[in-house]
There are 2 protein chains.
Amino acid sequence: MFDVPNADGTVGKAMQVLDQVASFGCPVRFSELLSDSPFPKPTLYRFLQTLTNQGMLAFDPERQTYSMGIRLVRLAHSAWRHSSLVPIARPHIESLAAKVGEAVHLAQFDNGHVLFVDKYKATDMFETLAQAGKIAPGYCTGVGKAILAFMTEAQQNHALDQQSYTAYTPATLSDRAALLAELAWIRENGVAYDREEHEQGIISIASPILTSKGRVVGAVSIATSTNRYKISDLKKQKPHLVKCANLIGTEAELWQVPTWS
Amino acid sequence: MFDVPNADGTVGKAMQVLDQVASFGCPVRFSELLSDSPFPKPTLYRFLQTLTNQGMLAFDPERQTYSMGIRLVRLAHSAWRHSSLVPIARPHIESLAAKVGEAVHLAQFDNGHVLFVDKYKATDMFETLAQAGKIAPGYCTGVGKAILAFMTEAQQNHALDQQSYTAYTPATLSDRAALLAELAWIRENGVAYDREEHEQGIISIASPILTSKGRVVGAVSIATSTNRYKISDLKKQKPHLVKCANLIGTEAELWQVPTWS
DNA sequence: AAATTGGTTTCAAATAGTGAAACTTAGTTT
DNA sequence: AAACTAAGTTTCACTATTTGAAACCAATTT
């Protein structure tokens with residue numbers, strides 16, 4: 001007998017509210033949230049109060065709007081430094097970027113989405129901060145497909161249910177069957193290609209990062225523009241990319257936390 | 001009649017658990033958390049489960065440890081971009097840094113602590129990411145004192161209660177009375193100085209960022225080392241610093257959210 | 001002055017959280 | 001190998017918290 005999906009009690013609902021505010025991507029008024037909320041007025045109201053009290057949301061009394069709270073920045077700092085692959089992967093990412101001279105991305109999976117946790121572009125260092133934390137869909141990015149292909153069946157099913165299959169470009173795999181076929185191919189081949197499936201003119205090659213027990217923990221990719229390279233050029237980078245991913249994978253396992261200032 | 005401080009119900013407790021995990025700063029086992037937790041075993045256990053389910057924590061099944069979850073990175077990205085002063089302040093911070101040739105910091109207040117949300121050092125851009133999200137005490141940093149001095153009395157009292165008054169250096173103002181006197185001076189003077197109160201050899205001048213209604217929303221500082229400059233040199237930068245803070249303050253007010261990529 | 005909209009508070013009913021104790025592994029020790 | 005121990009998980013009756021319909025309180029608008 002099934003009970004409703006997975007509400008995770010009061011805390012789960014509060015996190016749902018957090019996500020909702022985040023999804024607006026800008027300061028938002030109570031009534032705007034209410035009109036798009038599964039919760040009744042007083043319930044939503046109390047959640048907003050509690051979360052604001054807690055610093056997870058910020059309330060602008062002049063404008064009467066809610067936005068994401070500053071406490072999240074502190075907590076995420078911790079996440080970024082200790083839980084993500086960033087500290088381990090950094091040096092490998094950098095040297096790969098130096099070697100191939102193209103943008104290298106590091107991504108992890110979060111609730112059906114690909115979350116970019118680091119980005120290294122040989123030419124400019126500036127975008128990094130703005131990029132870390134960005135999300136992209138799983139089904140139509142190199143890193144996304146690389147991760148999906150190596151999930152356990154249960155994880156994969158769950159994740160595939162969460163995809164929207166929007167056709168961003170003519171090349172997008174826009175249904176589950178097409179994606180499943182592609183994933184099978186990726187699993188055999190070891191790496192995934194993004195053939196302008198998410199953005200016109202952008203292609204990439206991505207490799208999953210696996211622990212020795214075969215658990216996927218993320219993916220690395222080399223991304224470039226069709227102006228400069230073709231998929232066949234990216235294929236040549238496969239050995240470098242895979243080596244980099246393997247290094248990160250094995251190190252992630254041995255990892256003992258550093259006291260990294 | 002007082003009831004217990006401010007627990008904010010179940011959600012508040014869950015956030016307390018989140019903070020506790022963050023405070024370890026490294027992957028941590030259930031028993032380590034338990035031995036330092038106000039909650040009984042099953043209660044803590046359930047919170048950890050829920051938070052992990054929600055992606056606010058990450059559980060490493062191989063090592064059986066908890067660390068901060070990747071979902072926080074996504075949420076904080078939103079916070080950093082939309083709720084913090086960063087997007088408004090960036091250009092002003094950069095030009096100030098270029099003008100004075102020293103490190104410029106942008107900070108906001110979070111639960112008694114100073115939280116650095118951006119840092120610009122003319123010479124290297126690299127530290128920025130590692131620095132954003134870092135925290136420091138309020139009572140012994142330039143930015144901290146600048147913010148404290150301009151809070152409402154209620155906010156200030158609350159914040160002063162949260163300070164530890166640890167004497168990091170001989171110059172630290174290590175009790176509430178001394179700090180209060182200093183804050184009065186700062187309020188008159190408009191800017192705060194850090195005379196090696198937090199770290200030996202590091203001094204700074206900091207200005208609060210105020211809205212037109214006089215609400216403090218953060219602070220900017222110019223920080224340098226005693227090897228290069230003295231407090232009297234920093235005093236000369238006061239007009240530049242204050243101008244920068246004012247620009248940020250007025251813009252923060254007019255701010256209409258951008259659809260910033 | 002009446003009506004509407006946006007935000008806040010009340011309060012009894014219902015639900016979800018609590019934690020002592022019991023249980024299950026996995027790892028030691030005798 | 002049996003007996004002990006420590007770490008993690010589950011149960012279940014008890015209780016505290018959450019819930020949301022309805023009422024209330026500004027501000028605006030008509």
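Lettering of chains follows the sequences in order, A, B, ..., and the numbering in each one begins at 1.
Going from atom CD of A/Glu32 over to atom C1' of C/dG6 covers 12 Å, rounded to whole Å. Rounded to a whole Å, the CG atom of B/Leu48 is 15 Å from the C1' atom of C/dG17. Separating the CD atom of A/Gln64 from the P atom of C/dG7 is a distance of 6 Å, rounded to the nearest angstrom.
For residues 47-67 of chain B, the pairs satisfying ring-ring contact (aromatic ring centres under 6.0 Å, His included) are B/Phe39-B/Phe47, B/Phe59-B/Tyr66, with sequence neighbours left out. Residue pairs meeting the salt bridge (charged side-chain N to carboxylate O under 4.0 Å, His left out) criterion with at least one partner in residues 27-54 of chain A, sequence neighbours excluded, are absent. Under the salt bridge (charged side-chain N to carboxylate O under 4.0 Å, His left out) criterion, the residue pairs touching residues 152-163 of chain B are B/Asp161-B/Arg176, with sequence neighbours excluded.
Scanning DNA chain D 5' to 3' for nucleotides with an atom closer than 4.0 angstrom to a non-hydrogen atom of chain B gives a first and last hit of D/dA7 to D/dT18.
Residues satisfying the side chain to side chain donor-acceptor pair (under 3.5 Å) test with A/Thr52, not counting sequence neighbours, are none. By the salt bridge (Lys or Arg N to Asp or Glu O under 4.0 Å) test, B/Asp110 pairs with A/Arg74, sequence neighbours left out. Scored by the side chain to side chain donor-acceptor pair (under 3.5 Å) test, B/His113 finds no partners at all (sequence neighbours excluded). Evaluation of the ring pair (Phe, Tyr, Trp, His ring centres under 6.0 Å) rule for A/Tyr45 yields A/Phe30 as partners, not counting sequence neighbours. For B/Phe150, there are no ring pair (Phe, Tyr, Trp, His ring centres under 6.0 Å) partners at least two apart in sequence or on another chain. Contacts of B/Thr166 classified as side chain to side chain donor-acceptor pair (under 3.5 Å), with partners at least two apart in sequence or in another chain: B/Ser164.
Contact check, B/Thr10 against C/dA16: no side-chain N or O comes under 4.0 Å of OP1 or OP2. In this model, the phosphate group of C/dG7 is not approached by any side-chain N or O of A/Tyr45 to a distance below 4.0 Å at OP1 or OP2.
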field: Contact state string [nucleotides 10-15 of chain C, B base, S sugar-phosphate only, - no protein heavy atom under 4.0 Å]
entry: ------
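Note on the helix from C/dA1-D/dT30 to C/dT30-D/dA1: terminal axis deviation equals 20°, with five pairs used at each end and the result rounded to 10°.
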